[in-house]
Amino acid sequence: MQRLLKDFFCRDVLVVAPQILGQHLVRRYPSGLIEKYIVTEVEAYKGGEDLACHASKGKTARTEIMFSEGGYAYVYLVYGMHWMLNVVTGSENQPQAVLIRGVKGCNGPGRLTRMLEVDRSFYGEDYTESTRIWFEPTEFTPSINKGPRIGVDYAGNYWASIPWRFWIDLD
DNA sequence: GTAACGATCCTC
DNA sequence: AGGATCGTTACA
């Protein structure tokens, strides 16, 4: 069984984000049940210059993992109730992450983590080694759509309108 | 110590 | 259109 490894994640977020589309996000639940979900929507957050990226305010306890090399999970809480699941990309000290916004049959980053039972305990999880969450390649080569990211108006017009949300329409 | 603010979702 | 709900952050 193969999975996506460091050489996949340790590249620029704008390369990795669209390439995660169509791949399998695999979750092994505590019961032992393994489910595979096709990733259908992501957003790219790119380093210090991207004012919508949490790491643009510098390294804190929350954003620390984004400053490591690619392949780790960045998980945080928004609006006091939704866990967001991200994949760190790029090289060390190049804080970037891909937000997983949807898989086939489940739209919305908050609903996704609720369905996959992902919470704070996944912060820093190594997708290349974990036994409970990882990515597997598929042969699927989808046609990719792009548009502005959601919910980042606070970052100003430029960063809110830049087309760093990527998605695919299945069927 | 306090206060403000969300990379959202659900129900009007 | 508005409320839920709390960790993170900045500042005193």
Side-chain angles (χ1 to χ4, degrees), chain A residues 4 8-23 25 27 35 37-91 93-127 130 133-135 144-169:
Chain A
L4 298 181
F8 180 86
F9 298 113
C10 296
R11 297 177 295 160
D12 191 89
V13 69
L14 293 177
V15 174
V16 177
Q19 286 190 21
I20 288 183
L21 295 173
Q23 314 289 339
L25 171 58
R27 174 76 168 101
E35 294 276 7
Y37 306 93
I38 298 174
V39 179
T40 56
E41 185 179 358
V42 299
E43 280 176 0
Y45 289 87
K46 185 180 165 72
E49 70 270 25
D50 176 5
L51 296 184
C53 180
H54 293 156
S56 66
K57 297 189 187 68
K59 187 190 284 190
T60 65
R62 178 176 64 149
T63 63
E64 186 177 20
I65 194 67
M66 265 198 282
F67 288 78
S68 63
E69 63 177 4
Y72 296 96
Y74 169 44
V75 178
Y76 67 92
L77 189 69
V78 272
Y79 302 113
M81 55 183 79
H82 300 294
W83 294 103
M84 299 287 105
L85 177 63
N86 296 250
V87 186
V88 176
T89 67
S91 52
N93 291 319
Q94 191 181 348
Q96 312 179 332
V98 176
L99 170 65
I100 308 297
R101 293 190 55 88
V103 296
K104 184 176 184 181
C106 179
N107 297 316
R111 313 173 86 189
L112 175 77
T113 54
R114 193 178 60 186
M115 182 176 82
L116 295 191
E117 299 175 20
V118 166
D119 59 23
R120 177 72 227 234
S121 75
F122 284 74
Y123 183 95
E125 191 89 355
D126 185 346
Y127 289 107
S130 176
I133 194 166
W134 63 92
F135 290 89
I144 295 169
N145 306 291
K146 64 182 72 172
R149 295 173 293 182
I150 303 297
V152 295
D153 288 348
Y154 67 87
N157 192 268
Y158 177 79
W159 294 107
S161 58
I162 196 166
W164 284 357
R165 180 165 60 99
F166 307 92
W167 73 94
I168 56 178
D169 294 314

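Letters A, B, ... are given to chains in the order of the sequence lines, protein chains preceding strands, and every chain is numbered from 1.
Atoms CD1 (I150(A)) and C1' (dG6(B)) sit 15 Å apart, rounded to a whole Å. K59(A) has its NZ atom 17 Å from the C1' atom of dT9(C), to the nearest Å. Rounded to an integer number of Å, the gap from CD of E64(A) to C1' of dT9(C) is 15 Å. Between W83(A) atom CH2 and dT5(C) atom C1' the separation is 12 Å, expressed in whole Å. Taking atom CZ of residue R111(A) and atom P of nucleotide dT8(B), one finds them 13 Å apart after rounding to whole Å. Whole-Å rounding puts the Y74(A) OH to dA7(B) P distance at 9 Å. Taking atom CZ on R149(A) and atom C1' on dT8(B), their separation rounds to 17 Å, with Å as the unit. At whole-Å resolution of the value, CG in N86(A) and C1' in dA7(B) are 8 Å apart.
A close approach under 4.0 Å does occur between a side-chain nitrogen or oxygen of R114(A) and OP1 or OP2 of dC10(B). A sub-4.0 Å separation between OP1 or OP2 of dT8(C) and a side-chain N or O of R120(A) is present. Contact between the side-chain N/O atoms of R165(A) and the OP1/OP2 oxygens of dA7(B) is not found at any separation under 4.0 Å. Taking only side-chain nitrogens and oxygens, R62(A) comes nearer than 4.0 Å to OP1 or OP2 of dT9(C). Distances shown here put a side-chain N or O of Y154(A) below 4.0 Å from the OP1 or OP2 atom of dA7(B).
Annotation: the span from E69(A) atom CD to Q96(A) atom CD amounts to 12.5 Å, rounded to 0.5 Å.
Note on G80(A): a base of the nucleic acid sits closer than 4.0 angstrom, heavy atoms only. Heavy atoms of Y123(A) sit nowhere under 4.0 angstrom from any nucleic acid atom. Counting non-hydrogen atoms under 4.0 angstrom, M84(A) reaches the backbone sugars and phosphates but no base. Nucleic acid contact class of L99(A) (heavy atoms, under 4.0 Å, all strands): base.
Under the stacking criterion of a centre-to-centre distance below 5.5 angstrom and an interplanar angle below 30°, Y45(A) sits stacked against the six-membered ring of dA7(B).
Side-chain N/O atoms of Y76(A) and base N/O atoms of dA7(B) include a donor-acceptor pair closer than 3.5 Å. Counting atom types as modelled, H54(A) pairs a side-chain N or O with a base atom of dA7(B) as donor and acceptor under 3.5 Å.
Counting only heavy atoms from C-beta on, Y79(A) has its side chain closest to dG6(B) among dG6(B), dC9(B), dA10(C).
Two residues are said to be in side-chain contact when any heavy atoms from C-beta on lie closer than 4.5 Å; F135(A) and F9(A) meet this criterion. Side-chain contact between V98(A) and I20(A): present, with at least one pair of heavy atoms (C-beta onward) separated by less than 4.5 Å.
Among the duplex regions that DNA chain C forms, those built from at least three successive Watson-Crick or G-U pairs under 3.5 Å are B:1-6 with C:6-11, B:8-11 with C:1-4, ordered by first number.
In summary, the side chains of Y45(A) and E43(A) do present a donor paired with an acceptor at a separation below 3.5 Å, with no hydrogens or angles considered.
The minimum heavy-atom distance linking R27(A) with E117(A) is given by the pair NH2-O, 3.2 Å. Here the closest heavy-atom approach between residue M115(A) and residue C106(A) is recorded as CE-CB, 3.8 Å.
Remark: R62(A) is not positioned above the aromatic ring of Y74(A), lacking an NZ or CZ atom under 6.0 angstrom from the ring centre and at most 45 degrees off the axis. Stacking of K146(A) on the aromatic ring of F166(A) is not recorded, the 6.0 Å distance cut-off and the 45° axial limit not both being met.
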